[in-house]
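The next block holds one structure in the form of C-alpha cells; read it before the comments.
Lettering follows sequence order; numbering is per chain, from 1.
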Amino acid sequence: MSRSYLRRRWTDRLVAGVTFLCAVAVLTPLFLILFFLARTGVGALNLDFFTHLPGAAGEPGGGMANAIAGTLLLVGLAALLGVPVGVLGGTFLAEYPTSRLAGVVRLLADVMNGVPSIVMGLFAYTILVLPLRHFSAAAGGLALGIMLIPTVMRTTEEIVRLVPQSVREASLALGIPQWRTLLRVVLPTAAGGIVAGIMVGLARIAGETAPLLFTALGNRFWNWDPLQPIAALPLQIFAYAVSPFEDWHRQAWAGALVLVSLVLGINIATRAAAARQVKLR
Amino acid sequence: MGDRLFAHLLAAMAGGVLVITAAMLAALTVGAWPAIRKFGPAFFASSAWDPVAGDFGALPFIYGTLVSSAVALGLAVPLGLGVAIFLSELAPGWLRRPVGFLVELLAAIPSVVYGLWGIFVLVPWVRATLSPPLKATLGFLPLFEGPPLGIGMLTAGLILAIMVVPFIIAVSTEVMRAVPTSQREAALSLGATVWETTRAAVIPYARSGIVGAIFLALARALGETMAVTMVVGNVPQIRASLFAPAYTISAVIANEFAEATDVHLAALIYAGLVLFLVTLTVNILARLLVARAGRGPGLIRE
Amino acid sequence: MPDTTQAGVAVTADAAVLIDHAAGIEAQDVHAWFDRLHVLRGVFMTIAPRRVTAIIGPSGCGKSTFLRCLNRMHELVPGARSSGRVLMDGDDIYAPGVDPVQVRRRVGMVFQKPNPFPTMSIYDNAAAGLRLAGERDRRVLDETVERSLRAAALWDEVKDRLGRPGTSLSGGQQQRLCIARALAVSPEVLLMDEPASALDPAATLRIEELARELARQLTIVIVTHNMQQAARVSDVTGFILDGELVEVGTTDQIFTRPRDRRTEDYITGRFG
Ligand SMILES: Nc1ncnc2c1ncn2[C@@H]1O[C@H](COP(=O)(O)OP(=O)(O)OP(=O)(O)O)[C@@H](O)[C@H]1O
Ligand SMILES: [Mg+2]
C-alpha cells in the first residue's frame with residue numbers, strides 16, 4: 001500500500017474523530033445546563049414556589065405563582081391570534097401551493113421566524129402600549145402571537161399537504177363543497193399533526209422574554225386583566241437572575257427548571273407522539 | 001359561492017404575514033421618526049448616548065452587535081459544519097437520530113435560561129479557567145488585553161455560539177442529506193474515501209445551502225437579546241479586547257426601553273428598526289440560498 | 001463485429017497509454033441482500049479480461065446489484081449486505097483486510113444517468129479521481145485529462161472549453177465525460193450500468209462504439225435492458241433472472257442457440 005494511500009485513510013479516520021468531537025463539544029453545554037438546572041433548581045423548588053407571590057426585595061421566601069399564571073395567560077392570548085391565523089393561513093399554503101401569494105407568504109413566514117423577538121416587542125409597544133398609554137398583558141400576547149404565526153403556518157402547511165388526495169376526493173364526490181371538505185374532512189384528518197405543531201410553537205413562545213420586557217412588563221401581584229401589566233415566568237427569571245439577592249438567584253434557578261421542563265417536556269412528548277403515529281401507518 | 005368566500009378567508013389569513021411585516025416596518029419607522037429626523041445617518045457614526053442632553057448615536061452598540069456575532073460565528077461555523085458533516089455523512093445510523101434530537105433540544109432552551117446559566121456558570125468559568133491561559137499565551141494581542149472580568153464580549157460570543165449552532169447544524173445537515181446519491185457514488189466509484197467524497201462531491205453541491213445556514217445563524221446572533229444582555233457587561237464602549245465589557249443593540253433596547261421617553265425612546269426604536277432591516281435582509285438571503293441549494297448548483301461557472 | 005468507426009464517428013481511442021493491465025474477474029457464489037430481501041442468490045460467473053461482457057435480464061432481477069458487488073459499491077447502501085467471493089486476477093476483493101476504496105480504484109463505474117460533478121469544470125471532472133489520490137503535478141494532470149478525454153472520444157468536442165461546467169454538455173457528452181473521469185484513474189475493469197438508457201439513439205451508438213473500443217485495453221461489464229445493444233456490443237452475455245445467473249455464453253451462442261428455456265423466452269420477448 002502506498003504512503004499517500006495510508007495518509008488518506010488516516011485523514012478519513014481523523015476527520016471522523018474530529019467531527020465526532022465537534023458533536024461532543026456542541027452537546028456539552030446542553031448537558032451542563034441540564035445538570036446545573038437539576039442541581040440548583042431542584043433544591044430550590046418547593047410548594048411555596050408554586051403557590052406564593054414574590055416576596056419583598058431581599059427577603060427570602062415567596063414564589064412565582066403569579067408569574068406561572070401570567071405565562072399561561074400570555075400564551076393563551078398569543079394562541080388567540082396565532083392559532084387561527086397560522087392554521088388557516090397554513091391551509092391556504094397547502095391548498096394553493098403554487099399561487100403567487102403562497103410563494104411570498106412562505107418566504108416571509110420563514111423570514112419572520114428569524115426576526116429578533118425583541119423587534120416583535122417593539123412593534124407591540126408602538127401599536128398597543130403607546131396608544132393605550134400603559135403596559136398590558138394584551139400587548140405581550142400580541143408580540144408572542146405574531147411570533148407564533150409563522151411556526152404554526154409552516155407546520156400546518158406541511159401536515160395538510162400529507163393528507164392524501166383520495167380523502168379529499170371521497171368527500172368532494174359526495175357533493176360536499178370544497179370549504180366544508182376542508183373544515184370537516186381535511187383539517188380533522190390533519191388535526192394530530194397540527195396540534196403537535198401548535199404545542200411546539202407555544203412551548204417556544206412560553207420561554208420568550210425579550211418581547212415581554214416592555215409590553216407585559218411584569219407585575220409583583222396577581223392580575224387577570226388583559227389591559228394591565230402582568231407577570232411572566234421568563235421575566236421573573238431575568239429580574240431575579242440579575243438581582244443582587246442570593247435567595248432570588250435560587251428562585252431564578254427554580255423558575256428556569258420549571259420553564260425548561262415545560263418546554264423540553266412538550267418538545268419530547270410531541271416528538272414521541274409523532275414517532276408513534278408514523279409507526280402506526 | 002361558499003368556496004370562493006372561504007378561499008378568500010384563507011388567503012386573507014396567509015396574507016396576514018404580509019400585512020404584519022408591512023405594519024412592523026411602518027410602525028417602527030413612525031416610532032423612530034423623531035430620532036431619524038434629528039440624527040439621520042450620523043446616528044451610526046456617533047458614540048454619544050446621553051439621555052439628559054438628548055444626544056444619541058448607536059456606534060458602540062452596532063460595534064458590540066457585530067463583534068459578538070462575529071465571535072459567535074467564528075466558533076459556531078466550524079463546530080456546526082463539523083457536526084453537520086458527522087450527522088450527514090460519517091455517523092453510524094443509530095447515532096444520527098439521538099444526536100439530531102439533542103441538537104434540537106439545544107435550540108429549544110429559552111434564551112433567558114442560557115443567560116441565567118451564563119451569569120452563574122459560564123462567566124466564572126471564563127474568568128477563572130478560560131481567560132488566564134488565553135492571556136498568558138496570547139496576551140500580547142490587543143484582542144486579549146486588560147483584566148478578564150468574565151463578563152464581556154468573549155462570553156457573549158461564546159453563549160451566542162452555543163445558541164446559534166443548532167441552526168447551522170439543522171440546515172446544513174438537511175442540505176447535505178439532500179445531495180443526490182448519484183453524486184456520492186460518482187466520487188466513491190473513483191476510489192474516494194468517505195471524507196474525500198464529502199469534500200469533493202457533497203460540500204460543493206450543498207455549498208449555497210451551507211452559506212444560507214450560516215446567514216440564518218448570523219441573523220439569530222445579531223438579534224439575540226436576553227442571554228447577551230445578561231453576560232455582555234452593558235458598557236457602551238469600543239474596545240479591541242474581547243475581555244472588555246460591551247453592549248449590543250438588542251441589549252440596550254432591553255435595558256432602557258421601559259423607562260425611556262421622547263427622543264431617547266425614538267432613538268431606541270431607530271436602533272431596533274435598523275436591527276429589523278438588517279436581520280430581515282440576512283434572513284431573506286439565507287432563505288433564497290437554501291432554496292437554491294434544493295435545486296442543486298446547476299451551471300455555476302460560465 | 002466492427003470495432004472502430006460507425007455512422008461516420010471517428011473514435012480516437014487512446015486508452016493504451018492509460019491502462020497497462022486488464023483484470024479478469026471470477027464471481028463465486030455471490031449473494032446479496034437489501035435488509036431481508038435476498039436479491040442475488042449465488043451467482044457464479046467468469047469475466048474474461050479485455051472483453052465486453054453484457055448482463056441482461058428483466059427489470060429488478062439484480063443486474064445492478066451484481067455489478068455493484070464487483071466493486072464493493074453494494075455495501076454502501078444502508079442495510080445492504082453480501083457474501084461470496086469475487087476474485088480479481090485470483091485475489092478475493094472481499095478478503096479481510098482488503099480496503100474497498102482500493103478496489104474501487106481498480107474497478108471503475110459508469111452509471112445509468114450521467115452524473116458529472118456540477119460544481120466542476122470539464123477539466124476538473126476528468127481530473128477528479130487523480131486529484132483525490134493526491135496528484136498535484138499540473139503536467140501529469142493535463143496529460144491524463146487529455147488522454148482520458150481522447151479515450152472517451154470527447155476530446156475534439158471539448159478541447160476548446162475545458163473550463164466550462166461539466167453540466168453544460170449534452171447528455172451523451174456528459175456520459176462520455178463520466179467515462180473519461182472513470183478512465184483517468186487507470187482502472188483495470190470498467191462497469192457500465194445501462195450507460196446509454198438516458199440517451200438518444202445517436203449518443204447511444206457512440207457509447208456502444210466506445211465500449212467496444214475500450215475493450216481492447218480493459219475489461220468491460222455492461223448491464224443493459226436492450227437486447228440489440230447486448231448483441232451489438234458484447235463478446236459474452238450472461239442472463240440473470242430473479243437473482244440467479246441462468247446462463248452465460250458467447251453472445252453469439254446466447255442469442256442464436258440459448259440452452260435454457262427461460263433465456264430463450266426472454267430474448268424472444270415472451271416475458272420481461
Ligand atoms: N436501495 C435498495 N433498497 C432496497 N431494495 C432495493 C434497492 N435497490 C434495489 N432493490 C431491490 O433489489 C432488487 C434488484 O435490484 P437491481 O437494481 O439490482 O435490479 P436491476 O436488475 O438492475 O433492475 P433494473 O433493470 O430496473 O435496473 C429489486 O427487487 C429491487 O427492488
Ligand atoms: Mg439497474
Side-chain angles (χ1 to χ4, degrees), chain A residues 8-9 11-12 15-16 18-20 22-23 25-27 29-30 32-33 36 85 88-89 91-93 101-102 104-105 107-112 114-119 122-123 126-127 146 149-150 177-179 207 209-210 213-214 217 234 237-238 241-242 252-253 256 259-260 263-264 267, chain B residues 2-3 6 9-11 13-18 20-21 24 27-28 30-31 79 82-83 85-86 90 99 102-103 105-106 108-113 115-117 119-121 162 165 193-196 216 219-220 223-226 230 250 253-254 257-258 269 272 275-276 279-280 283-284 287:
Chain A
R8 290 169 57 201
R9 212 165 63 170
T11 310
D12 227 49
V15 171
V18 167
T19 57
F20 174 74
C22 284
V26 162
L27 292 180
L30 176 69
L32 283 177
I33 289 172
F36 279 99
V85 176
L88 294 179
T91 310
F92 175 81
L93 294 184
L101 180 64
V104 177
V105 169
L107 174 69
L108 265 189
D110 285 346
V111 166
M112 284 240 300
V115 165
S117 56
I118 193 151
V119 173
L122 283 180
F123 175 60
T126 50
I127 70 163
I146 293 174
I149 293 173
Q178 198 186 353
W179 70 276
T209 317
L213 286 170
F214 31 86
L217 191 68
I237 296 170
F238 174 53
V242 298
W253 280 104
L259 192 59
V260 168
V263 171
L264 295 196
N267 267 295
Chain B
D3 276 359
F6 190 67
L9 173 71
L10 293 185
M13 290 300 168
V17 175
L18 267 164
I20 290 171
T21 314
M24 283 174 69
L28 294 189
V30 170
L79 278 176
V83 180
I85 289 170
F86 180 69
L90 305 172
V99 173
L102 290 174
V103 170
L105 288 192
L106 202 57
I109 290 182
S111 175
V112 71
V113 176
L116 178 75
W117 179 76
I119 292 181
F120 294 107
V121 182
I162 300 170
V165 81
T193 62
V194 177
W195 162 240
E196 288 163 352
L216 217 61
R220 294 272 166 179
E224 178 48 51
T225 309
M226 296 320 296
M230 292 161 87
S250 52
I253 298 174
F257 199 88
I269 299 182
L275 188 63
F276 180 44
T279 50
L280 203 65
N283 267 304
I284 290 176
R287 290 300 169 181

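Residue T209(A) comes nearest to M226(B) through the heavy atom pair CB-CG, 3.4 Å, listed as atom of the first residue, atom of the second, then distance. The two residues L102(B) and L30(A) come nearest to each other via the heavy atoms O-CD2, 3.6 Å. In plain terms, the two heavy atoms of I127(A) and A27(B) that are nearest each other are CG2-CB, 3.9 Å. Taking each heavy atom of P29(A) and W117(B) in turn, the nearest pair found is CB-CH2, 4.4 Å. Across every non-hydrogen atom of V194(B) and D12(A), the tightest pair is N-OD2, 3.5 Å. When all heavy atoms of V85(A) and M13(B) are compared, the pair lying nearest together is CG1-O, 3.5 Å.
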### Message
side chain to side chain contact (heavy atoms under 4.5 Å, CB included) for I20(B) and I149(A)? Distances and angles first, verdict last.
### Response
CA-CA 10 Å; I20(B) 290 171; I149(A) 293 173; 3.6 Å; yes
### Task
Apply the test side chain to side chain contact (heavy atoms under 4.5 Å, CB included) to residues L106(B) and I33(A): give CA-CA distance (whole Å), side-chain angles for both, the deciding distance (0.1 Å), then the verdict.
CA-CA 10 Å; L106(B) 202 57; I33(A) 289 172; 5.6 Å; no
### Task
Just do the side chain to side chain contact (heavy atoms under 4.5 Å, CB included) check on T193(B) and V15(A) with the steps written out, would you?
CA-CA 11 Å; T193(B) 62; V15(A) 171; over 6 Å; no
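Heavy atoms of V165(B) lying under 4.5 Å from chain A belong exclusively to its side chain. Heavy atoms closer than 4.5 Å to chain B are found in both the backbone and the side chain of L32(A). For I119(B), the part lying under 4.5 angstrom from a heavy atom of chain A is the side chain only. Heavy atoms of L259(A) lying under 4.5 Å from chain B belong exclusively to its side chain. Only the side chain of A25(A) comes within contact range of chain B, with at least one heavy atom under 4.5 Å from a heavy atom of that chain. For I146(A), the part lying near chain B is the side chain, with the backbone staying farther off; criterion is any non-hydrogen pair under 4.5 Å.
Under the 4.5 Å side-chain criterion, counting only non-hydrogen atoms from C-beta, T11(A) is in contact with W195(B). Contact of the V263(A) side chain with the I109(B) side chain is not registered, since no non-hydrogen atoms from C-beta on lie closer than 4.5 Å. Within the 4.5 Å cutoff, the side chain of V242(A) has heavy atoms near those of the M230(B) side chain.
Within the model, atoms CZ of F123(A) and OG1 of T21(B) stand 9.0 Å from one another, a figure rounded to the nearest 0.5 Å. With rounding to the nearest 0.5 angstrom, the CG atom of L213(A) is 8.0 Å from the OG1 atom of T225(B). For the atom pair T19(A) OG1 and L90(B) CG, the distance stands at 4.5 Å (nearest 0.5 Å). Going from atom CZ of F257(B) over to atom CG of L217(A) covers 12.0 Å, rounded to the nearest 0.5 Å. Interatomic distance, CZ of R287(B) versus CG of L108(A), reported as 11.5 Å (0.5 Å rounding). Here the CE atom belonging to M112(A) is positioned 9.5 Å from the CG atom belonging to L18(B), to the nearest 0.5 angstrom.
With respect to chain B, the highest number of heavy-atom pairs below 4.5 Å among F20(A), F36(A), F92(A) belongs to F92(A). Taking A109(A), G207(A), A252(A), C22(A) one by one and counting their heavy-atom pairs under 4.5 Å with chain B, the maximum is reached by C22(A). The greatest number of non-hydrogen atom pairs below 4.5 Å with chain A, out of I253(B), L28(B), I162(B), is found for I253(B). Contact tally against chain B (heavy-atom pairs below 4.5 Å) for L107(A), L122(A), L101(A), V104(A): the top residue is L122(A). Heavy-atom pairs under 4.5 Å with chain A peak, among I85(B), V113(B), L116(B), at L116(B). Interface summary for chain B: among I237(A), T126(A), D110(A), the most heavy-atom pairs under 4.5 angstrom belong to D110(A). The greatest number of non-hydrogen atom pairs below 4.5 Å with chain A, out of V121(B), V99(B), T279(B), is found for V121(B).
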